[in-house]
Amino acid sequence: MADPSSAKLSPAERYRAATKRSHSPGLSTYRESLAFDLDPFQIASCESVEAGRGVLVAAPTGAGKTAVAEFAIFLALQTRTAKVFYTTPMKALSNQKYTELVEEYGASQIGLLTGDTSINPHARVVIMTTEVLRNMLYAHSELLEDLAYVVMDEVHYLADRFRGAVWEEVIIHLPDSVQLISLSATVSNAEEFGEWLHTVRGDTDIIVSEERPVPLYQHMLVGERMVPLFRSDTLGVTPKVNPEIVQLVHTLQRNQGTRQHYGRGARRGRGRGYDQSTTPRVSSAKVIGMLEREDLLPAIFFVFSRVGCNKSVQAALDRGVDLTSPEEKAAILDLVEEKCERLDEEDLGVLGYHAWVDGLLRGVAAHHAGLLPVFKEVVEEAFRRKLLRVVFATETLALGINMPARTVVLEKLEKFDGESKKPITAGEYTQLTGRAGRRRIDTQGHSVITWRPGMNPEQVAQLASKRSYPLRSSFRPTYNMAVNLIAQFGHEPTRTILESSFAQFQADRHVVEMAKNVRRNEESLAGYEEAIQCDRGHFPDYATLRRALSDREKALRRTSDDSERSEIDALRVELKKHPCHHCPDRESHARWAERWWRLQRETDKMRRQIDLRTGAISVVFDRVVAVLEELDYLRPGEDDYTLSVHGERLRRIYGERDLLTAEALRRQLWTELDPASLAAMVSVLVHEGRADEMPPKPSELPPGPFRGALSHTEELWERLDHLERRHQLTGPDPLSAHRAAAMWEWASGADLAAVIGEDDVAVGDFVRLCKQVVDVLDHIEQVDTGPVGKRAMEAKAQVFRGIVALSSLV
């Protein structure tokens, strides 16, 4: 397809365009297939991919980074066998990307692997969570054959303190032949991260774009006035807060203080201060009305609380908010019936189905982790189809899910992190406001911060003016990681591998470079050792004698010592007696042996230098190894560690409580449990309890042998916690049995209403817990060939039913 604008180009311009096409013919073909052209950063990234180099693309949310990934898919499908793995940090993102790619390439070309879902795993393009790829690498899965590209979407997720290490494991262990395409939000240290990728993966281009495809205009809502956040004359330089906002805040505070001082409810001693709890607050319904009048819908309100999201929806409906036309209502109803037709009629009441549908039909919905997955899917799809006008969401929506809006509203700038309320970071602010502005739909996006008492406008402006944040590694060695790496590479090479991590790179960049050289040298040394193999005898011993003789002869030339002469004579006799002395390839072997010796000496020197440096990661690894050795998972030998049968079992148990699970199976703590009780026990391992929760009473736990097994498991956790503390390691938090009864009821066949009603847990939370339980039960089934493994298989079937199974369908 010819470029219609080419006729307007000069001969020189046409020549330059033709030259560029010849360098990247695949990209030229790809661009011709698109209904729109690519941005400069997308073109540069795709050129790197076609040139065979790795690429790190850091750009704002919604800038179009996935076009680079889709170009890699395009290139792979031009060949007969090349495969692409597309990884995401969340199952919801994997499901969404699967649906998008199936629409574009057809179901036969696309696969999905998310732990609880397996669709067409042998496809040319497979979408998966990052953990699935990590497990495949450790298991040497056959699916890795012909793998040409790996896309790591949302790669900045490696900063996550719970799961971030998985990203680094994958990056380090991918075969060198695989081209890595890393997609990241805009981070302030992209160059540093790119340098690390270049160190461990080879040629990697770093392409950073800080330009939003849709400009963002930021506002603050003070009372009922929506005012630009920044002074208009400072937008091109360091932006400064709009003085009108400062004046409005002072006026509001002064008026409120005056009312309180003279009112009957004034508090003694507060003078002209103001009571935050009585400061007038604009309702969400009124804000929605303001946005509708200004043509700023659809909007996402970030609330940071599930309860807050649900209350905001209800409050808007109570105020009579209705934002959809009859045609849109009909389309929403069709979507709901299509997606929810498999829901059991008896479950609709406990799911709050009818109230949820009422909100949808009026253009308002919530989106948070406590929502049933199929409900979230409907909300996302309806919003993308422009059928919903307002969504009240927690920050989980900001992570990669394709739900851009015209406007983003932030009702608070702090959130509860599980322990206390903390201000959101500049990076979190950037992620949240990145949802504002729909590419190729809006010409501008808007963010609105609602002012609250105690909120400092200057600090808000400072937060909003920071466009990026630094990426910090959360990598740390785990027990499962240690046994897998030692089994594959040995103890010392594993230390070298861990010293190649981004965490170590940030601690000491030079260590990573040296570690990479050590790994390269070790590969060369292995090749040299093959070259000096001799069928007459052990040539390294013979080479050692030759080197010793050479050293003595050099010393003799300096000293003329008679004792040196006698030692030289003895060495010559010993050398001639060695069987390798008469090998016809002796001199060839000797040359390779000399190369081996020099490289080994250089490698040992680098190892000593590494040991003298920070060694932060390797120190933790050594402590992990010490625990595993003490518990007989690793056994020291003459040359290296070997794995015991318990260590081999641990290789296939993943998760934060990998060692506790392996130890419980080893000590047969769960052999008396029936399938439902085993499911309840696994829920104890995976449920994250709150610090302020009191342990459940014995009467609130599942009956039968569960209670004794729980007691033994808690005692085991205490012993392991003590052992880890002795080795200066920090283990997982204490066990939480707060969902054990609900899981036992569900696995025993109870209906959803009985389980949810008794336990007072959000449906989405319970479904997610069930999926986590199924994952761990699957690990147990794989590693235990006895009765516990069989019951794990039965328990999986009993948990994975009804609403849980439905929520796993794409």
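Just so it is clear, the values below take in all heavy atoms, side chains as well, and ignore hydrogens, waters and symmetry mates. Because the structure is a prediction, the values reported are computed rather than measured.
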Given salt bridge (charged side-chain N to carboxylate O under 4.0 Å, His left out), test Arg739 with Asp765 step by step and report yes or no.
CA-CA 10 Å; Arg739 297 288 178 262; Asp765 288 337; over 6 Å; no
I'd like to know whether Val391 forms a side-chain contact (heavy atoms from CB on, under 4.5 Å) with Met403, so could you lay out the CA-CA distance, the side-chain angles of the two residues, the decisive distance to 0.1 Å, and finally the verdict.
CA-CA 10 Å; Val391 170; Met403 279 183 65; 4.2 Å; yes
Evaluation steps, salt bridge (charged side-chain N to carboxylate O under 4.0 Å, His left out), between Glu131 and Arg163:
CA-CA 9 Å; Glu131 281 88 350; Arg163 299 170 54 214; 2.7 Å; yes
Arg225 vs Leu248, test: side-chain contact (heavy atoms from CB on, under 4.5 Å). Steps then yes/no.
CA-CA 9 Å; Arg225 291 278 308 280; Leu248 283 170; 3.9 Å; yes
Could you walk me through whether Glu381 and Arg385 satisfy the salt bridge (charged side-chain N to carboxylate O under 4.0 Å, His left out) test, starting with their C-alpha distance in whole Å, then the side-chain angles of each, then the deciding distance to 0.1 Å, before giving a yes or no?
CA-CA 6 Å; Glu381 181 65 21; Arg385 292 190 193 178; 3.0 Å; yes
Decide salt bridge (charged side-chain N to carboxylate O under 4.0 Å, His left out) for Lys329 and Asp322; before the verdict, give the C-alpha distance in whole Å, the side-chain angles of both, and the deciding distance to 0.1 Å.
CA-CA 10 Å; Lys329 285 179 169 60; Asp322 192 339; 2.8 Å; yes
Val408 vs Phe302, test: side-chain contact (heavy atoms from CB on, under 4.5 Å). Steps then yes/no.
CA-CA 7 Å; Val408 162; Phe302 284 109; 3.6 Å; yes
Taking it one step at a time, do Lys91 and Thr117 satisfy side-chain contact (heavy atoms from CB on, under 4.5 Å)?
CA-CA 9 Å; Lys91 293 178 181 179; Thr117 302; over 6 Å; no
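Taking Trp744 as the reference, nothing meets the ring-ring contact (aromatic ring centres under 6.0 Å, His included) condition, with sequence neighbours excluded.
The nearest pair of heavy atoms linking Leu113 to Ser118 is CD2-OG, 3.3 Å. Closest approach of Pro89 and Asp153 over heavy atoms only: CD-O, 3.7 Å. The shortest non-hydrogen separation linking Val773 to Ala679 is CG1-O, 3.9 Å. Here the closest heavy-atom approach between residue Leu296 and residue Thr407 is recorded as O-OG1, 2.7 Å. Across every non-hydrogen atom of Val378 and Cys340, the tightest pair is CG2-SG, 4.3 Å. Between Leu323 and Gly363, the shortest heavy-atom distance links the atoms CD1-O, 4.2 Å.
Listed for the Arg319 side chain is no donor-acceptor partner under 3.5 Å among the backbone atoms of Val321. Judged by distance alone, with hydrogens and angles left aside, the side-chain atoms of Asn242 form no donor-acceptor pair with the main-chain N or O of Leu229 at under 3.5 Å. For Thr324 (side chain) and Leu361 (main-chain N/O), a donor-acceptor pair under 3.5 Å exists by modelled atom type. Panel note: side chain Thr99, backbone Asn95; a donor-acceptor pair is recorded below 3.5 Å. The backbone N or O of Leu410 lies less than 3.5 Å from a partner atom in the side chain of Thr450, making a donor-acceptor pair. Of the possible polar contacts, none joining the Ser312 side chain to the Phe392 backbone as a donor-acceptor pair under 3.5 Å is found. At least one donor-acceptor pair closer than 3.5 Å links the side chain of Ser325 to the backbone N or O of Glu328. Looking only at distances, no side-chain donor or acceptor of Thr394 sits under 3.5 Å from a matching main-chain atom of Phe304. Panel note: side chain Arg801, backbone Gln798; a donor-acceptor pair is recorded below 3.5 Å. One N or O on the side chain of Lys65 and one on the backbone of Pro60 form a donor-acceptor pair closer than 3.5 Å.
Atom CD of Glu688 has 12 or fewer neighbouring heavy atoms from other residues, nucleotides or ligands inside a 6.0 Å radius.
Side-chain contact between Thr88 and Glu154 is absent, with no heavy atoms from C-beta onward closer than 4.5 Å. Here the side chains of Asp160 and Trp167 are not in contact, with every heavy-atom distance at 4.5 Å or above. Looking at heavy atoms from C-beta onward, Glu458 lies in side-chain contact with Val246 at the 4.5 angstrom threshold. Contact annotation: the side chain of Ser184 never approaches that of Tyr157 to less than 4.5 Å [non-hydrogen atoms, C-beta and beyond]. Inter-residue side-chain proximity for Val390 and Leu297 is flagged as met; some heavy-atom pair is nearer than 4.5 Å. Counting only heavy atoms from C-beta outward, the side chains of Met220 and Met455 approach each other to under 4.5 Å. Side-chain contact check for Phe800 versus Cys770: every heavy-atom pair is 4.5 Å or farther apart. Using a 4.5 Å cut-off on side-chain heavy atoms (C-beta onward), Ile449 and Leu221 make no contact.
With respect to the salt-bridge test (charged N to carboxylate O, under 4.0 angstrom), the residues Arg406 and Asp295 qualify. Salt bridge status for Asp775 with Arg768: absent, with no side-chain N to carboxylate O gap under 4.0 Å.
Using modelled atom types, one finds no donor on one side chain facing an acceptor on the other under 3.5 Å when comparing Ser683 with Gln772. Side-chain contact of Thr129 with Thr114: a donor-acceptor pair under 3.5 Å is absent, judged by distance alone.
His446 and His219 have parallel rings, their planes meeting at less than 30° on a 0 to 90° scale where 60° marks the start of perpendicular.
Put simply, the residue from Asn310, Val336, Val313 that forms a side chain to side chain contact (heavy atoms under 4.5 Å, CB included) with Trp356 is Val336.
Among residues at least two apart or in separate chains, salt bridge (Lys or Arg N to Asp or Glu O under 4.0 Å) pairs with a member in residues 348-358 are Asp358-Arg362.
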